[in-house]
Student: 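I'd like to ask you about the structure that follows.
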Amino acid sequence: MFTEFFYTLRDKGLAVSQNEWLCLMEALDKGLCGPSLVDFYFLCRTVLVKSEAEYDKFDLAFASYFQGIESTEEIPEEVWDWLQKVDETSREELMARLAALGNTELSLEELQEMLRARLEEQKERHSGGNYWIGTGGTSKLGHGGYNTQGIRVGGESRYRSALQVARNRDFRDFRQDNTLDTRQFQMAFRKLRQFSARTEGEKTELDMDETIRATCDNAGRLELVYAHPRKNTVKLLVLFDSDGSMVYYNKLCSSLFQAVSKSSHFKDLQVYYFHNCIYEHLYKDPHCRWGNWVDTEWVFSNLGPDYKVIIVGDAAMAPSELQYAGGNNMYGMYNEEPGINWLKKVKRHYPHTIWLNPIAEDRWDHTYGSFTIRMVRDVFPMYPLSLDGLERGVKKLMNR
């Protein structure tokens, strides 16, 4: 049953196991799903999807397999105009009206045929009824009203009974491979809590996992195991590329800066800026104004190699900015050493350094600046500025 659906899920990147699929079949056999496609959608998502980050992949697979759920491209413009205004009616009143009329359950094919028929018949706007494509009533077609099943046309979902629920793509922002936006930074910085290290000193904090393991090894007799308390011991230095080709990512980097600066997971946090490449100076703010800087060597002297370093930039620049003395793109500035030498100095001084790139990873080899991106990648481990990329980068920073 639904074997092709199983392979559709796999094709969309969902790691659905055979055990999970058999569990779904068992749930269907036991009648845990009603006759509606919406019920089946939620049952499948509950059984087969392991993380909210995969909800969007599931929705794409579901809509692909059960295609034809929604055909808004065939609906005339005048119908959309009719559906703009909604005459509000309480849900209780609509439920009572629907109960009095009776409500025949229809299959998906019957609902689609009903929609096609109404589109041919309907000549004007309708509201509050039970038959036409309208608003605020009990019809199976339209929006803003109430029915236990139907095809929503326009409007917003109110009671989640529309069959095209999988088409809404409400969860695309949860995907791990998306570029980070403001909504996702809170989730992303949960991963940075892993920076917190166990300190030396007296073991005063109960280690629950080790206590359970030791108790099992001790034939069930309780044996308490203590560990060093977890404290914020990590020092973090964040370097942001500013201006130039990074203007496109200003909002993203500003949100990242706000999330980092408000984080309480670090013993010390330092933030500086540069333009395209790091040279003799690091700037104190993203405007990179003349004189508003600290010497890079001063940073080396005052922030020791125990700092973890995150560099955020697209690494896209003229090759001369990396390869030659005097290649600095900032007007009036002259670098005595090539930019690539300064990047290598950073790497030597801070062995735990990663580079986060806002450009999608699959574009690094053919986008503008691909040559310099490759040069930077030869110095630093580079990861995309996405949830998945940040998680991989954090693991790299934690690697001893």
Student: Taking only residues two or more places apart in sequence or in another chain, which ones pass salt bridge (charged side-chain N to carboxylate O under 4.0 Å, His left out) with E321?
Tutor: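 If we apply the salt bridge (charged side-chain N to carboxylate O under 4.0 Å, His left out) test to E321, skipping adjacent residues, there are no hits.
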Student: Who pairs with T367 by side-chain contact (heavy atoms from CB on, under 4.5 Å), at least two apart in sequence or on another chain?
Tutor: I359, R363, I373
Student: Under 6.0 Å from the OH atom of Y334, do we count more than 12 heavy atoms belonging to anything else shown?
Tutor: yes
Student: Apply ring pair (Phe, Tyr, Trp, His ring centres under 6.0 Å) to Y272 and list each qualifying residue two or more places apart in sequence or on a separate chain.
Tutor: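 Listed in chain order: nothing, the list is empty.
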Student: According to side-chain hydrogen bond (donor to acceptor under 3.5 Å, both in side chains), does anything in residues 296-305 pair up with another residue at least two apart or in another chain? List the pairs.
Tutor: none
Student: Not counting sequence neighbours, which residues clear ring pair (Phe, Tyr, Trp, His ring centres under 6.0 Å) with H349? List them please.
Tutor: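 Checked H349 against ring pair (Phe, Tyr, Trp, His ring centres under 6.0 Å); matches are F300.
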Student: Can you list the residues that meet the side-chain contact (heavy atoms from CB on, under 4.5 Å) rule with N328, with sequence neighbours excluded?
Tutor: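 Result, side-chain contact (heavy atoms from CB on, under 4.5 Å) vs N328: Y279, M330, M333, N335.
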Student: Under 6.0 Å from the NZ atom of K345, do we count more than 12 heavy atoms belonging to anything else shown?
Tutor: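 Atom NZ in K345 is packed in, count exceeds 12.
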Student: Relative to each other, are the rings of F40 and F62 parallel, tilted or perpendicular (30° and 60° limits)?
Tutor: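 Rings of F40 and F62: tilted, 30 to 60°.
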Student: Could you check whether R289 makes a cation-pi contact with Y283, meaning its NZ or CZ is under 6.0 Å from the centre of the six-membered ring and within 45° of the ring axis?
Tutor: no
Student: List for me each residue that meets ring pair (Phe, Tyr, Trp, His ring centres under 6.0 Å) alongside F274, sequence neighbours excluded, and say none if there are none.
Tutor: none
Student: Does some side-chain heavy atom of Q323 sit less than 4.5 Å from a side-chain heavy atom of F371?
Tutor: yes
Student: Sequence neighbours left out, what passes salt bridge (charged side-chain N to carboxylate O under 4.0 Å, His left out) with K284? Give chain and number order.
Tutor: none
Student: Checking E26 now: which residues fulfil side-chain contact (heavy atoms from CB on, under 4.5 Å) with it, not counting sequence neighbours?
Tutor: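 Checked E26 against side-chain contact (heavy atoms from CB on, under 4.5 Å); matches are K30.
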Student: Quick one: list whatever passes side chain to side chain donor-acceptor pair (under 3.5 Å) with R392, sequence neighbours left out.
Tutor: E361, D388
Student: Can you sort out the partners of D209 under salt bridge (charged side-chain N to carboxylate O under 4.0 Å, His left out), two or more places apart, ordered by chain and number?
Tutor: none
Student: For D306, which residues count as a salt bridge (charged side-chain N to carboxylate O under 4.0 Å, His left out) partner, sequence neighbours excluded?
Tutor: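 With neighbours one apart ignored, the set is K235.
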